[in-house]
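Report on the structure given below.
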Amino acid sequence: RGLEVLVICTPAEKASFGPWPGDGLRFSCDGAAGIPGMASCMAGAKFFIGHDSGPLHLAAAMAVPSVGIIQRLKVPVIAPRGDGQLRLAVFDAAPSELDAAAVLAQADALRPV
């Protein structure tokens with residue numbers, strides 16, 4: 001889609017990535033480490049996609065348009081909060097119930113900011 005992708009991960013997690021088709025991939029462990037680094041990267045993001053985690057909650061709190069991948073039973077209790085656009089890709093038992101198309105459909109539903 002012509003977007004640059006930032007993967008928030010540790011150096012060990014980065015090592016597990018296979019080949020990436022084309023340019024536009026960078027990793028938080030290459031210079032945007034820690035919460036301040038993540039916040040700085042997110043401040044300029046068009047949108048954020050992530051599972052139920054600290055980075056997702058940070059993005060939502062910063063009003064970055066976000067897609068959260070979250071278990072249905074957790075939605076009423078710990079879903080991300082914030083004043084920005086938020087879409088949820090919800091699963092019942094395991095995230096593997098969702099495919100990339102389902103998650104990207106939620107991202108496509110975010111209005112451009």
Side-chain angles (χ1 to χ4, degrees):
R1 295 182 178 200
L3 298 171
E4 181 179 57
V5 175
L6 171 67
V7 178
I8 298 171
C9 65
T10 66
E13 290 168 326
K14 178 183 177 182
S16 71
F17 270 74
W20 183 262
D23 297 329
L25 179 68
R26 63 188 179 106
F27 295 87
S28 64
C29 58
D30 290 340
I35 293 172
M38 279 191 295
S40 176
C41 289
M42 287 178 189
K46 293 193 182 300
F47 62 92
F48 177 88
I49 299 174
H51 62 88
D52 183 25
S53 64
L56 172 61
H57 289 270
L58 178 61
M62 292 176 59
V64 175
S66 300
V67 176
I69 301 169
I70 188 168
Q71 189 174 22
R72 186 176 314 281
L73 65 89
K74 294 181 178 181
V75 170
V77 181
I78 61 169
R81 309 284 193 268
D83 292 332
Q85 299 176 64
L86 177 66
R87 304 287 300 193
L88 298 177
V90 179
F91 61 89
D92 290 309
S96 60
E97 295 167 18
L98 301 170
D99 61 11
V103 176
L104 290 174
Q106 294 299 329
D108 290 339
L110 295 171
R111 294 181 310 277
V113 290

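Minimum interatomic distance between M38 and P55 (heavy atoms only, all atoms of both residues): SD-CG, 3.6 Å. Across all their heavy atoms, I70 and V75 have their closest contact at CG2-CG2, 3.8 Å. Residues S66 and A60 come closest through the heavy atom pair OG-N, 4.0 Å. Looking at every heavy atom in both residues, H57 comes nearest to I78 through CE1-O, 3.0 Å.
Around CG of D99, the count of heavy atoms belonging to other residues, nucleotides or ligands within 6.0 Å exceeds 12.
Taken to the nearest 0.5 Å, the CG atom of L56 stands 8.5 Å off from the CD1 atom of I69. To the nearest 0.5 Å, atom CG of residue L98 and atom CG of residue D92 are 9.0 Å apart.
Under the side-chain contact (heavy atoms from CB on, under 4.5 Å) criterion, A109 pairs with R87, not counting sequence neighbours.
Here the options are L110, I49, L86, the test is side chain to side chain contact (heavy atoms under 4.5 Å, CB included), and the partner is P65; only L110 passes.
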Item to check | side chain to side chain contact (heavy atoms under 4.5 Å, CB included) between D52 and Q71, worked out | outcome: CA-CA 8 Å; D52 183 25; Q71 189 174 22; over 6 Å; no
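Linking Ile, Leu, Val, Met, Phe, Trp and Tyr residues whenever their side-chain heavy atoms come within less than 4.5 Å leaves V103 and V90 in two separate clusters. Note: the hydrophobic cluster containing V67 also contains F91 (ILVMFWY, side chain heavy atoms under 4.5 Å, direct or indirect links).
Looking at E97, its side chain does come within 3.5 Å of a backbone N or O of A94 through a donor-acceptor pair.
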